[in-house]
Number of protein chains: 2
Amino acid sequence: MAARKVPTSRRDRPAKPALSRQWIVEAALGIARSEGLEKLTMRRLAQELDTGPASLYVYVANTAALHAAVLDGLLGEVDLSGDEGATDWREQLFAVMRSYTLVLFAYPQLARSALVARPGGANYLRLVERALDLLSRGGATREQAAWGVDQLLQSATATAAEQSAREQDPAAADDWNATVHALDTASATTHPAIAAHMPALIGGTPEERFRWGFDALVNGILHTPAPVAEE
Amino acid sequence: MAARKVPTSRRDRPAKPALSRQWIVEAALGIARSEGLEKLTMRRLAQELDTGPASLYVYVANTAALHAAVLDGLLGEVDLSGDEGATDWREQLFAVMRSYTLVLFAYPQLARSALVARPGGANYLRLVERALDLLSRGGATREQAAWGVDQLLQSATATAAEQSAREQDPAAADDWNATVHALDTASATTHPAIAAHMPALIGGTPEERFRWGFDALVNGILHTPAPVAEE
DNA sequence: ACCTGAACACCGTTCAAGT
DNA sequence: ACCTGAACACCGTTCAAGT
């Protein structure tokens, strides 16, 4: 037995591979997948790669850039083919947005960073391309499609950020319960509208709400004229 | 001159006031206001209050609870009266959502935590109450109003999170520019839809987009039937 | 009951020095 | 050019000890 203690968390690897941006991002994906984004720190990542944190800065500018790279990689898992059986553009678009949401769902906390630092990678472009095409097929004008895709992606991202945080983080779940309780016990005299809408406010499965939100947004996009841009 | 060095950042106050939850939250609001949410740490707050971080835990469970308390305080600044001149429910609702967005705008990074940890305080309830009432007046069913308010608040919160991060954080602004550049240089052969929608995709003022997004959402809410809850 | 000092277990990032 | 040890300047949270 050597006197030097080897960090227990490191499974033995055949050999220490050379550092490279690709290898770093892959390792980062692994940590995000298995331990969550909040554990994906420069120090933790360096430990996984058998080096010191300073070494990573040769390939990654900072933590935000690391998160962006991980997000871009994950967007590759979004299924753009849509529902193959459906010829209906709406059902195909729904399937794509659902797949996008599920991908963000699977990696908690990443959706939050997607809201702030929008991805601009190849996979994000593919997603936008596909959504634009489907909305156009649905009869949206150029302006409606362009701004509508923005709304749809933002809505899906926000839903994933909210929902997945709730499922993973006990504190966030407590917050949600507190909100439900606050709505539930709001006095009928001080908050008549809340009382009147009560079963509906907290009702519905997440799936029902997601589907309705999608349909409402798509209907609104198609029926609301956008200001036409100048030449 | 005393030998003991007084922290330079502390402006001299008449006397050290007794700790209390209210006083702590007020000091926290001050830091969030002047230095941003990311500077609002337990240690920084303790320093501002002339004590050690451990003392705060008597009144505040953890950092998340602190942020939630600050957010709840800020929601008190939302103008619920709406546009007094307008008798139109839609314009009033727009004014309320706009005010909500502007409040979140003024305190960068707070919108992000609002997405994850929904506030459940008195000010949040007032906002929901008002929005429900206005949507009902617009002809929404109970289910449409209940789920619609959720969508409207989520959309406004996400917009604020996105936009304010972009304005405050140079790194987030860079990300945005990178996204714009990626869209702009997307090849017409590999991404025909993006190329075809190009002026619109990055066009429009934030105000135009916000207004259109609001109208699209409201129109969708009113024209999309929601599943009726059981008794 | 309230408050505190000190400690534990972490962070991101930089930089001079090595190879 | 790439990699590193060590340091700087921070974090949140706990806990035993004080008042």
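Only this structure's heavy atoms are used, side chains among them; waters, hydrogens and symmetry mates stay out. Proteins come first, then strands; the chains are lettered A, B, ... in the order of their sequence lines, and each starts at number 1.
Atom CG in A:Leu45 sits roughly 11 Å away from atom P in C:dC11 (whole-Å rounding). Per the geometry, CD1 belonging to B:Ile24 stands 10 Å off P belonging to C:dT4, to the nearest Å. Spacing between atom CD of B:Gln47 and atom P of D:dA9 amounts to 14 Å, rounded to whole angstrom units. The nearest whole Å value for the distance from the CG atom in B:Leu19 to the C1' atom in D:dT19 is 15 Å. Rounded to whole angstrom, the span from the CG atom of A:Leu40 across to the P atom of C:dC10 amounts to 16 Å. The interatomic distance linking A:Trp23 (CH2) with D:dC3 (P) rounds to 14 Å, in whole Å. Atom NE2 of A:His67 is separated from atom C1' of C:dG12 by 11 Å (rounded to the nearest Å). Rounded to whole Å, the distance from CD on A:Glu38 to C1' on D:dC11 is 16 Å.
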Give the dot-bracket string for DNA chain D, reading 5' to 3', where a pair is Watson-Crick or G-U wobble with both distances under 3.5 Å, ( ) marks pairs inside the strand, [ ] marks pairs crossing earlier ones, | marks a partner on another strand, and . marks unpaired. ||.|||||...|||||.||
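The salt bridge (Lys or Arg N to Asp or Glu O under 4.0 Å) search around A:Arg211 returns A:Glu91, A:Asp215, not counting sequence neighbours. The side chain to side chain donor-acceptor pair (under 3.5 Å) check on B:Arg33 picks up B:Glu77, B:Tyr107, with sequence neighbours excluded. Not counting sequence neighbours, the partners of A:His197 by the side chain to side chain donor-acceptor pair (under 3.5 Å) test are B:Ser136. Remark: B:Phe94 pairs with B:Phe210, B:Phe214 by the ring pair (Phe, Tyr, Trp, His ring centres under 6.0 Å) rule, at least two apart or across chains. Applying the salt bridge (Lys or Arg N to Asp or Glu O under 4.0 Å) criterion to A:Asp72, with sequence neighbours excluded, gives no partner residue.
Picking from C:dA6, D:dG5, D:dG12 the nucleotide with the shortest atom distance to the side chain of B:Ala54 gives C:dA6. Closest to the side chain of B:Met42, from the set D:dT13, C:dT13, D:dC3, is D:dT13. For B:Tyr57, the listed nucleotide lying nearest its side chain is D:dT14; candidates were D:dC11, C:dG12, D:dT14.
No hydrogens or angles considered: nothing links the side chains of A:Tyr124 and B:Thr179 as a donor-acceptor pair under 3.5 Å.
Here the separation of D:dC8 from C:dC11, taken at their C1' atoms, is 12 Å to the nearest Å. C:dA9 and D:dA9: their P atoms are spaced 24 Å apart (whole Å).
Residue B:Thr41 has no polar side-chain atom (N or O) positioned under 4.0 Å from OP1 or OP2 of D:dC10. Proximity of A:Tyr59 to the phosphate of D:dC3: a side-chain N or O atom is located under 4.0 Å from OP1 or OP2. Within the 4.0 Å cut-off from OP1 or OP2 of D:dT13, at least one side-chain nitrogen or oxygen of B:Thr63 is found.
The residue B:Ser55 sits close to a base: some heavy atom pair falls under 4.0 Å.
Here the rule is side-chain contact (heavy atoms from CB on, under 4.5 Å) with B:Leu132, and of B:Val128, B:Leu134, B:Leu135 only B:Val128 fits it.
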